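A quick note: this is a predicted structure, and the numbers were derived from the prediction, not measured.
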Amino acid sequence: MDTPLRTVRTNIVQSIRAFRVPDLQEAAQALGHHFLYANLAQAQSKQDVLDLIAQQFILPTHVGKNFDALYDVLTDPLHKSGPQPGFIAVLEHIPANAKFDKEAREQLLDIFRDAADYWGDRKIPFRCFYSFL
């Protein structure tokens, strides 16, 4: 695989570090994977984060209710809809403030870690890259 992901495990949640969003989008296209992108720079609270992810990932509106709903929509319904080629998700500029503190950030990333595990059990790549604001 001649992509920026050749050295990245197939089921992981990690800091975006040296990766650029356009390169990740190109890699997703080359691999035939779904590309999910959310820019969370305008989010101030957990509700804002959930709403922006639901809007920008083009997910059902109920996802904006809580983290459990986000996990649910990232896993089982997609699995039941048929074979999936893989996923590259980017959560850019996760807020770091009093309304979205370290605990909330970890809960959000845990949802994506759990989704990576879910898809890993099914031998489907799920990579999530994130950055903090």
Tell me every residue that passes side-chain hydrogen bond (donor to acceptor under 3.5 Å, both in side chains) with Arg113, counting only those two or more places apart in sequence or in another chain.
Glu106, Asp110
Under a 3.5 Å distance rule, please check whether Asn11 uses its side chain to pair with a backbone N or O of Ala116 as donor and acceptor.
yes
Are any non-hydrogen side-chain atoms of Leu108 and Leu70 less than 4.5 angstrom apart?
yes
Listed by chain and number, what are the side chain to side chain contact (heavy atoms under 4.5 Å, CB included) partners of Gln55, not counting sequence neighbours?
Asp51, Leu52
Working to the nearest 0.5 Å, report the span between CZ of Arg9 and CD of Gln14.
8.5 Å
Where Asn97 and Ala43 come nearest, the two heavy atoms and their spacing:
ND2-O, 4.2 Å
Run Val90 and Leu36 through side-chain contact (heavy atoms from CB on, under 4.5 Å) and show every step you take.
CA-CA 6 Å; Val90 176; Leu36 305 169; over 6 Å; no
Should Gln44 and Phe100 be marked as a side-chain contact (heavy atoms from CB on, under 4.5 Å) after you check the CA-CA gap, both sets of side-chain angles, and the distance that decides it?
CA-CA 7 Å; Gln44 294 297 311; Phe100 202 75; over 6 Å; no
Going from CD1 on Ile111 to CG on Asn66, what distance comes out if it is rounded to the nearest 0.5 angstrom?
8.5 Å
Rounded to the nearest 0.5 Å, the OG atom of Ser15 sits from the CZ atom of Phe129 at a distance of 9.5 Å
Hits for salt bridge (charged side-chain N to carboxylate O under 4.0 Å, His left out) against Asp76, two or more places apart or cross-chain, chain-then-number order -> Lys80
More than 12 heavy atoms of other groups within 6.0 Å of Gln42 CD:
no
For the atom pair CG (Leu5) and CG (Asp23), what is the distance rounded to the nearest 0.5 Å?
9.5 Å
If we only count heavy atoms from C-beta on, is the Lys46 to Lys99 side-chain gap below 4.5 Å?
no
Partners passing side chain to side chain contact (heavy atoms under 4.5 Å, CB included) against Asn39 (at least two apart in sequence or in another chain):
Tyr37, Ala41, Gln56, Glu92, His93
Any side-chain heavy atom of Leu40 sitting closer than 4.5 Å to one from Pro95?
yes
Is there a path of hydrophobic side-chain contacts, each under 4.5 Å between heavy atoms, that joins Leu109 and Leu133?
no
Is it true that a side-chain atom of Asp114 and a backbone atom of Tyr71 form a donor plus acceptor pair closer than 3.5 Å?
no
For Gln107, check side chain to side chain contact (heavy atoms under 4.5 Å, CB included) against everything at least two apart and list the hits.
Phe67, Glu103
Cation-pi check, Arg127 onto Phe87 ring (under 6.0 Å, within 45° of axis):
no
With Arg122 as the cation and Tyr118 as the aromatic partner, state whether NZ or CZ is under 6.0 Å from the six-membered ring centre and within 45° of the axis.
yes
Could you walk me through whether Cys128 and Leu91 satisfy the side-chain contact (heavy atoms from CB on, under 4.5 Å) test, starting with their C-alpha distance in whole Å, then the side-chain angles of each, then the deciding distance to 0.1 Å, before giving a yes or no?
CA-CA 8 Å; Cys128 178; Leu91 302 171; 4.0 Å; yes
Over all heavy atoms of both residues, which pair between Phe126 and Ala115 is shortest? Give the atoms and the distance, please.
CZ-CB, 3.9 Å
Before you tell me yes or no, could you show the steps for Val8 and Ile12 under side-chain contact (heavy atoms from CB on, under 4.5 Å), namely the whole-Å CA-CA distance, both residues' side-chain angles and the distance that decides it to 0.1 Å?
CA-CA 8 Å; Val8 179; Ile12 192 167; 3.7 Å; yes
Do you know which two heavy atoms are closest between Pro85 and Pro125, and how far apart they sit?
O-CD, 3.8 Å
Donor-acceptor check, side chain of Trp119 to backbone of Thr10, threshold 3.5 angstrom: yes or no?
no
Residues which pass side chain to side chain contact (heavy atoms under 4.5 Å, CB included) with Ala28, listed by chain and number, not counting sequence neighbours:
His33, Phe35, Ile88
Euclidean distance, Ile53 CD1 relative to Asp48 CG, rounded to 0.5 Å
11.0 Å
